[in-house]
Number of protein chains: 4
Amino acid sequence: MADATHSSEQLRLFIERIERLEEEKKAIADDIKLVYGEAKAEGFDPKTMRTVVRLRAMDKNDRQEQEALLDAYKAALGLAE
Amino acid sequence: MADATHSSEQLRLFIERIERLEEEKKAIADDIKLVYGEAKAEGFDPKTMRTVVRLRAMDKNDRQEQEALLDAYKAALGLAE
Amino acid sequence: MADATHSSEQLRLFIERIERLEEEKKAIADDIKLVYGEAKAEGFDPKTMRTVVRLRAMDKNDRQEQEALLDAYKAALGLAE
Amino acid sequence: MADATHSSEQLRLFIERIERLEEEKKAIADDIKLVYGEAKAEGFDPKTMRTVVRLRAMDKNDRQEQEALLDAYKAALGLAE
DNA sequence: CCGCGGGAAAC
DNA sequence: GTTTCCCGCGG
């Protein structure tokens, strides 16, 4: 078998593995959407839920720095609560 | 002139007006990016700036409600500051 | 058990389900990165591979866009159904 | 004048420039909506018009993708330059 | 009220 | 630069 053919076959296999994994990833993304939908049906706000998921994923120090910076900008612009 | 031709011409004119406006819109969007770039060069954080722009655009009551809801979710999840 | 507590618990469960799914999604994304890495080690160009994957995935969408385009042309010519 | 005050003032000016530009952008976006509304009033379908506008805008990108596809096929066949 | 599409943000 | 996420509009 020629090298070019070998190479094509190898490429095809890599591409197919990736496509299979992309399908799985999409399936999980769809599951996540479903859970947000369930939560919404129970009266929770998806937007705020996404915010807390993001906050929990952040390092505690990073989170505090972000919040401190935002507070500073709010104060500078008279947006303090 | 046949109606079909008239209609095509009319459609073409509408499409071209829209495309012209889209170009203008893009030019302004580019200007906005430039301002964020300038601010960043002065040491400001663009991400936080976008947040305050969004907050200022929001109605005050809406903003307070959002913040209250977020605080409630944080408390429920032990994320209180 | 108080309603507030019930609600908090319910929220916590939704959040945890989402976080679990997000972890799975990330694991798969990491697997995909690994496959690109393997392919690269075999001499393939990851960037071009991503292009191929994207083009193959777009095929069905493209067909739909083509159909939309055809309909648009029909409309422009007054032949819309 | 204290540095903090200077900084606040500088931030305020950046924010106001951005807000001004955002207003202009919104005005143009509103104009675009008006044109779609006029076209609709003349019997054209806004949804299909948007599709046409998108396809026309994508033309140059498509050409680039086509070239990328050609290169990808070359690579798959071991003919990469 | 939902889904789609465009615009912005993260990696 | 690419991909993912969010918001706002249209149906």
Student check: side-chain heavy atoms of B:K25 and B:E22 closer than 4.5 Å: yes
Every protein N/O within reach of nucleotides 4-8 of chain E N/O, cut-off under 3.5 Å:
from	atom 1	to	atom 2	distance (Å)
E:dG7	OP1	B:K25	NZ	2.8

Given DNA chain E, 5'-ward residue of the pair B:T51 and A:K40, judged by closest heavy atom: A:K40
So if you build clusters from Ile, Leu, Val, Met, Phe, Trp, Tyr with side-chain heavy-atom gaps below 4.5 Å, do B:M58 and A:Y73 land together? yes
Among pairs that include at least one residue of residues 19-47 of chain C, which meet ring-ring contact (aromatic ring centres under 6.0 Å, His included), considering only residues two or more places apart or in two chains? A:F14-C:F44
Can you list everything that forms a salt bridge (Lys or Arg N to Asp or Glu O under 4.0 Å) with D:R50? Sequence neighbours excluded, please. none
When you list every nucleotide of DNA chain F with an atom under 4.0 Å from a heavy atom of chain A, which one comes first 5' to 3', and which comes last? F:dT4 to F:dC7
Taking salt bridge (Lys or Arg N to Asp or Glu O under 4.0 Å) as the test, write out the residues that go with B:K26, two or more places apart. B:D30
Taking all atoms of both residues into account, what is the closest heavy-atom pair of B:I28 and D:L21, and its distance? CG2-O, 3.4 Å
Partners of A:N61 by side-chain contact (heavy atoms from CB on, under 4.5 Å), sequence neighbours excluded? A:D59, A:Q64
Quick one: are D:M49 and B:L11 in side-chain contact, heavy atoms under 4.5 Å? yes
